[in-house]
Amino acid sequence: MARLTIDDLKKVKEKTAKETSLRHGKASIKITVHMGTCGIAAGARDVMTELMNEMAEADRQDIRVVASGCMGMCSSEPNVTIEADGEEPIVYQLMDANKMRQVFKRHVLLGEVQTDFALAKM
Amino acid sequence: MSTISSLLPSQNHYLEGYKKNHRKRGAVKELSLHILDVAENGITAGADRVRVSVEEAGRKNRLRITIADNGRGIPADLVHHITDPFYTTRTTRRVGLGLSLLKAAAQHCNGEMRVESIEGKGTTIVAEFEYDHIDRAPLGDMSGTLISLIMGYPDVEFEYSHQVESRRFEMKTMDIKNMFDGRAVSDPDVFRKLRQILIDGFKRLKTNED
């Protein structure tokens, strides 16, 4: 087999970069963890780390996680918003690591909205 | 009495929420949570680079936390307002607690908090604590704070440096992104690598190999 040259490696790099950027271009589910002072004080960081551990396990490229600031509903923090393609965003309230795991496994991966934890449909 | 409370229709709402939340959750009990909060402020102010440094000098009885961002900065005439919880320019709610809480935490430990800000250049927050003060909150889950920041704000570059006596741990998200060039931080492989770097880094800080 011919030896790989630097140019070959660059091509591989470009190809993968293109593929991944395509994949990231059409994230089908966006998960927002609200992390203002209120969210953080109520435990949003634990929710976020649990979510990332679940993400690492699920190994899905089309799910995007972002943090955002306070949305003005401090009393129901930690809030998590799930926006699936073509569906209304769902805001979950009073989240913790366990609820996050359930919402991720059920709602994000299987599409079953967990109404027990939901605050509102937007 | 009744007129005042009728002017504040949301009071009950807040109180109910507080009672509900307070049963199982506390307030900002770890210094790493303050760091998460203050770094988030900088990002909200448009920063795309945030530098966090923690210096633990037990022998000098000093703990210093520095959070520097390149956000839009605070106009000079407003800097003195920044730790006033009832001053805020935002519109989602009427109080702002983040920096006031950090300042109070530092002052309770014979320390202080300084805000240096240049409009258009960025803001640097320095909080100092007496290391072995009985009221000093533990640093807590710093790794969780970094993961939340890095994964939550994938477009922001973070630099972290942590010194315990003479041992030092440094990481930059730029380096990790370069390792996986072209791939997003939310990629599971990138996240696993990041998690490993943090676990190893903090483990090394704890061991006494001076």
Side-chain angles (χ1 to χ4, degrees), chain A residues 9-10 12-21 23-25 27 30-78 93-97, chain B residues 10 13-22 24-30 32-34 36-41 43-44 90-93 95-102 140-141 143-145 147-155 180-192 194-195:
Chain A
L9 290 174
K10 273 192 186 140
V12 173
K13 177 187 155 185
E14 276 163 23
K15 186 169 162 265
T16 344
K18 216 180 281 169
E19 276 173 13
T20 42
S21 70
R23 258 184 278 159
H24 289 291
K30 181 176 158 200
I31 307 173
T32 309
V33 181
H34 299 272
M35 292 207 293
T37 305
C38 45
I40 292 167
R45 190 185 61 188
D46 293 345
V47 172
M48 184 64 152
T49 41
E50 187 60 35
L51 174 59
M52 289 322 302
N53 290 333
E54 287 298 319
M55 284 281 289
E57 252 179 65
D59 222 1
R60 283 261 302 263
Q61 305 281 348
D62 60 334
I63 303 172
R64 205 153 61 89
V65 174
V66 291
S68 80
C70 167
M71 55 173 183
M73 293 189 277
C74 311
S75 58
S76 66
E77 293 280 2
Q93 62 167 340
L94 300 167
M95 294 295 277
D96 60 25
Chain B
S10 53
H13 173 70
Y14 287 132
L15 195 63
E16 283 309 308
Y18 175 80
K19 279 189 205 152
K20 238 189 306 186
N21 266 344
H22 216 71
K24 45 184 191 239
R25 300 179 187 85
V28 188
K29 282 189 231 148
E30 296 176 8
S32 53
L33 288 172
H34 285 290
L36 175 58
D37 188 14
V38 174
E40 203 265 340
N41 286 349
I43 297 163
T44 310
R90 92 167 78 65
T91 49
T92 46
R93 60 188 139 79
V95 292
L97 289 173
L99 281 174
S100 340
L101 289 172
L102 178 57
D141 182 9
S143 173
T145 285
I147 285 176
S148 301
L149 285 173
I150 296 167
M151 306 317 283
Y153 302 97
D155 300 329
F180 294 88
D181 42 10
R183 290 162 75 174
V185 273
S186 59
D187 188 297
D189 290 335
V190 184
F191 170 67
R192 280 190 287 257
L194 167 71
R195 195 169 50 179

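Chain identifiers are assigned alphabetically (A, B, ...) following the order of the sequence lines, protein sequences preceding nucleic acid strands; residue numbering begins at 1 within each chain. Remember, predicted model here, so these are calculated numbers, not experimental data.
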Euclidean distance, A/T49 OG1 relative to A/M52 CE, rounded to 0.5 Å: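 If I round to the nearest 0.5 Å, the distance is 10.0 Å.
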Contacting region of [X] [heavy-atom separation from chain A under 4.5 Å]:
X	value
B/T44	neither
B/L101	side chain
B/L36	both

Taking side chain as everything from C-beta outward and backbone as N, CA, C, O, which of these in A/V66 sits under 4.5 Å from a heavy atom of chain B? Side chain, backbone, both or neither.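 Interface part for A/V66: both.
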Per-residue contact mode, A/S68 against chain B (heavy atom under 4.5 angstrom):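 The backbone, not the side chain.
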Who pairs with B/T145 by side chain to side chain donor-acceptor pair (under 3.5 Å), at least two apart in sequence or on another chain?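 Testing B/T145 for side chain to side chain donor-acceptor pair (under 3.5 Å), a comparison that skips the adjacent residues, returns A/R45.
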In sequence, state the C-alpha distance, the side-chain angles, and the governing distance for B/M151 and B/L194, and then conclude on side chain to side chain contact (heavy atoms under 4.5 Å, CB included). CA-CA 10 Å; B/M151 306 317 283; B/L194 167 71; 3.8 Å; yes
Side chains of B/D141 and B/S32 only: does a donor on one sit below 3.5 Å from an acceptor on the other?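 Short answer, no.
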From CA spacing to verdict: side chain to side chain contact (heavy atoms under 4.5 Å, CB included), A/M95, A/V33: CA-CA 10 Å; A/M95 294 295 277; A/V33 181; over 6 Å; no
